[in-house]
Amino acid sequence: MRSKHNLYIGLVFLILLGSLFIGQSFLDRATVAEGAAVMAPRFEVDPMWPKPLPNHWYLGSTIGVACDAQDHVWIVHRPDTVSANEAAGDAKTGECCSKAPPILEFDQAGNLIGHWGGPGQGYEWPESNHGITIDYKGNVWIGGNGTNDAQVLKFTQDGKFLAQYGHSGKNGGSNDQENFGRVAKIFVDPKANEAYISDGYLNKRVVVIDADTGKFKRYWGAYGNKPDDKNLGRYDPDAPPAQQFRTPVHCAELSNDGFLYVCDRVNDRIQVFKPDGTFVKEQFVAKRSLADGSVWDIAFSRDPQQKYIYLADGRNQKVYIIQRDTLEILTSFGDGGRQPGQFYGVHSIATDSKGNIYTTETYESKRLQKFVYKGMAPVTKMDQGTVWPAGSSK
Amino acid sequence: MNTTKRRHGLHVGVIFSMFLVAGASAQNLSTKSIAAQGKGSAQAPRFVVDPLWPKPLPNHWVLGSVTGVTVDAQDHIWITHRGADSMANMEKGAILSPPTGCCTPAPPVLEFDTAGNLIGHWGGPGEGFDWPQSPGGIAVDNKGNVWITGAGQPEAAAARPAAAPAANARPAAPKPQDAQVLKFSKSGQFILQIGHAGKVEGSDSKSGFNRPAAVTVDPATNELYIADGFGNRRIVVFDAEGGSYKRHWGAYGEKPDDGNLAAYDPSATPVRQFRTVSCAAISKDGLVYVCDRQNDRIQVFQKDGKFVKEAFVSKTTRGDGSVWDLAFSSDPKQHFLFVADGHDKKVFVLRRDTLEAVTSFGDGGRMPGQFYGVGSIAVDSKGNVYTGETYEGKRVQKFLFKGVGTSR
């Protein structure tokens, strides 16, 4: 693929620019081939993805994204976070807009192909939706970070209720073995059929349950410690690292080689564990970030080795590209703003089988974006800023 | 130089495929709006959003709620926005104490060239004038002066949707209510102020305003027309040079009255007063077009205030109303009017002679070509349309003019 591309480039040069530039081209290629530069995956935003929603539908704060085995892109959002002006269609003060259903499914072309969600018989829909994952069996899991949310829910892909684990209003703290505390996200390990729960906005732990029965199997806090709900006070980047997670515990993702990466968001760190909760290592990211913290969500690159981690930093409005084995930041893309490729509150991140990245934004930004994987490229800047399609006017 | 050229050549394929995608989506958008409009075979200008305009701002600058956009004689695009006061702490982490992270509010006045490069920026409090606590409209007159209105209400009363107070938010001292209009050079040098912040005057004042929303200057007479405003219910005319009062009028050219009006009712007899006077624009043939925002109507006057006609746009709209701002098409006859409807999230295209809506574009959303609170609009000499979004929209967009065609 790459060499074909280069051949084509050479041909274009020959026709358009003559032999002088061919020489230059060889020189450029030689430099890359020497491998002097650090290489990292490169991305460009697709400004026109997804397609406009039907029915004057409007997204609220969009707080979860996942890709399924068919490379469909799923999001969960909070319809009730829109203002009166935004929901003027529902309020009958104007023709636009109406709240979209909380769970939306898109195909690769960005077409909306499914939508469902909301309260129903036999389960407690969250007060505040949070996080979505599609497990290896094709089931859809969501958490919830509303005041009383202490449950996770499992549905089929067409929205049929399957199971609820934990119950609304029943939170019993970080050592409760039946309920959760405002769950941020779920990951399901296909090998062990276990669900890893990022628990959460109230609790300070990772919980592992049986993915079929919901039975609690184990749980742990930061460094593998027994979790403790004591108030830690504000995060201080100059203080010794806290021995507990700060809320929210915002993601827990298991790699193919069996390491669990946990987003300790407000502590500005990733902690890595074995599946049994044994602490392996930690890495701070943008350690001086205060307030909402820097480590919001991660996704792995889709090569078999999962060489890279993509980390969404909703505090600094960018996505870091991290080498997974060393946890070293190689580069980042994105910046603050409302244009394509910019972020405000970039909250969730996922990758499809082709290596493309999807992000969702919370707060006022309320959107889903796609970043197209453009192959490996030498790193020229630590912060790439807004990554628009090559050849655009930037 | 050679390197640049070569790279440019390489990217042609990429650009081409990008435009295919852009074209397809734009097609989708325009088809939708035309279908929604359900009109016959009227001729109307067609537009395609440029998703990558303007270029990213430097210095991690971000926009607050955009309240004004205008185009000057050089086709430079000027915007004003509400900056830090319209942002939650999470958006402006770099100016907090201590800083929490990205970003910094951009200066309140920004100037772009047609390619979308930021080529000028200024604004903010200074000696000898009352910088608005919340800017409203912006205009560049035929002599190249920049006019800005102060449209803010006292801070305590300001509605700021979804700006959740953060833990380290400090209570700010209440700011005086805006009641002033300011004139600057293009480089931001203060020239003139009419009215004073905190000195709020009613709809018959000859010296002050109440939250003026927008201005325009008549090049023929060098007169300043002020849409006054969010508080008052009138158009008031001043001399643009010396700032002396000339004349004013209310809806239908009658004497304005600041008494209470019942909530807008689309089925009631049209009220004889303006509700929210949010724009004033003068056509080349000498008519004054006024946005009566929450009455969902445009009223047209002669320059002396004599009422000519009115037209309703999306008359059933309640809430914030439908007629937020308007701009003329760039053809010599100004055949069309573009009306920014911040409540219905679209731009209506009207025939100027009949004031009939022939089509519309846009829909609610955060993607390119979609809107939230589209409240300001301007047109360049080539017919391209620029829009500014307030509330949480916080952006400026460009719609490329693609010629006049049949709206199916």
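Letters A, B, ... are given to chains in the order of the sequence lines, protein chains preceding strands, and every chain is numbered from 1.
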4.5 Å side-chain heavy-atom contact, Arg288(A) and Asp238(A): yes
Can you tell me which portion of Pro54(B) sits under 4.5 Å from chain A's heavy atoms? Options are side chain, backbone, both or neither. both
Per-residue tally against chain A (heavy atom, under 4.5 Å) across Val62(B), Asp344(B), Thr317(B) peaks at Asp344(B)
Heavy-atom closest contact (Asp313(A) atom, Gly293(A) atom, distance): OD1-O, 4.0 Å
The complete set of salt bridge (charged side-chain N to carboxylate O under 4.0 Å, His left out) pairs with one or both residues in residues 79-88 of chain A, sequence neighbours excluded, reads Asp80(A)-Lys99(A), Glu86(A)-Lys366(A), Glu86(A)-Arg366(B)
Side chain, backbone, both or neither: which part of Ser294(A) has a heavy atom under 4.5 Å from chain B? neither
If you count heavy-atom pairs under 4.5 Å between each of Ala88(A), Gly337(A), Ala84(A) and chain B, which one has the most? Ala88(A)
Are His77(A) and His347(A) an aromatic pair, judged by ring center distance below 6.0 Å? no
Name the member of Thr93(A), Leu290(A), Val82(A) that forms the most heavy-atom pairs with chain B at distances under 4.5 Å. Thr93(A)
Examine Phe47(B) together with Tyr386(B) and report whether their ring centres are nearer than 6.0 Å. no
Any side-chain heavy-atom pair from Pro107(B) and Leu110(B) closer than 4.5 angstrom? yes
In terms of heavy-atom pairs under 4.5 Å with chain B, which of Asn85(A), Asp335(A), Leu59(A), Val45(A) leads? Asn85(A)
Only pairs of heavy atoms separated by less than 4.5 Å count here; which of Met367(B), His60(B), Lys345(B), Lys394(B) has the most with chain A? Lys345(B)
